[in-house]
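Everything below concerns the one structure shown next.
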Amino acid sequence: MAATTGDMPTYQIRAPTTALPQGVVMAAWPGSLHSPQQPAEEATCKRELRLMKNREAAKECRRRKKEYVKCLESRVAVLEVQNKKLIEELETLKDICSPKTD
DNA sequence: ATGCACCCACGTCACAGCCG
DNA sequence: CGGCTGTGACGTGGGTGCAT
């Protein structure tokens with residue numbers, strides 16, 4: 001289904017583990033202070049934290065992917081110019097080397 | 001003005017792979 | 001092995017251009 005292995009795009013560059021994005025505040029809540037009461041609340045809190053981190057991860061992932069695609073597009077442009085030049089050069093050489101039929 | 005098709009950015013879920 | 005992270009897939013909402 002999703003995420004076929006062995007075909008990881010090159011834009012996937014492991015960044016050094018950064019802290020939470022700006023404006024994101026880690027919720028310090030009583031349940032996390034080694035008192036296992038309110039397990040449901042802890043689960044909710046964990047889930048929200050996970051969603052928040054995943055939201056940011058998805059944004060960053062898309063940003064990197066866009067950058068990667070841009071990079072590929074500009075590379076295509078460069079190669080197209082290069083290819084055109086080589087074709088022109090080849091035509092010129094053909095003209096020079098081919099015997100005149102007249 | 002409105003309905004429609006298309007695009008884009010987003011949030012979420014599911015999964016793969018990595019790391020302690 | 002369990003938790004964490006990155007990413008593909010999917011659904012959704014807002015913006016835009018176009019035909020009617």
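The structure presented is a predicted model; accordingly, all values stated were derived computationally and were not measured. Order of the sequence lines sets the chain letters (A, B, ...), proteins ahead of strands, with each chain counted from 1.
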Taking only the side-chain nitrogens and oxygens of Lys65(A), find out if one of them lies under 4.0 Å from OP1 or OP2 of dG8(C). yes

Pairs touching residues 72-92 of chain A that satisfy salt bridge (Lys or Arg N to Asp or Glu O under 4.0 Å), sequence neighbours left out: Glu91(A)-Lys94(A)

List the residues meeting side chain to side chain donor-acceptor pair (under 3.5 Å) with Arg62(A), not counting sequence neighbours, and say none if there are none. none

For Arg63(A) and dC8(B), give me the distance from atom CZ to atom P, rounded to whole Å. 18 Å

By salt bridge (Lys or Arg N to Asp or Glu O under 4.0 Å), Lys46(A) pairs with (sequence neighbours left out) none

Find every protein N or O atom lying less than 3.5 Å from an N or O atom of nucleotides 9-13 of chain B, and list the pairs.
unit_1	atom_1	unit_2	atom_2	d
dA9(B)	OP1	Lys66(A)	NZ	3.1
dG11(B)	N7	Arg62(A)	NH1	3.2
dG11(B)	N7	Arg62(A)	NH2	3.1
dG11(B)	O6	Arg62(A)	NH2	2.4
dT12(B)	OP2	Arg55(A)	NE	2.9
dT12(B)	OP2	Arg55(A)	NH2	3.0
dC13(B)	OP1	Arg47(A)	NH2	3.1
dC13(B)	OP2	Arg47(A)	NH1	3.4
dC13(B)	N4	Asn54(A)	OD1	3.1

Rounded to whole Å, how long is the line connecting atom CG of Leu49(A) with atom P of dC4(C)? 9 Å

Listed partners of Glu48(A) passing salt bridge (Lys or Arg N to Asp or Glu O under 4.0 Å), at least two apart: none

Salt bridge (Lys or Arg N to Asp or Glu O under 4.0 Å) with Arg55(A): which residues, sequence neighbours excluded? none

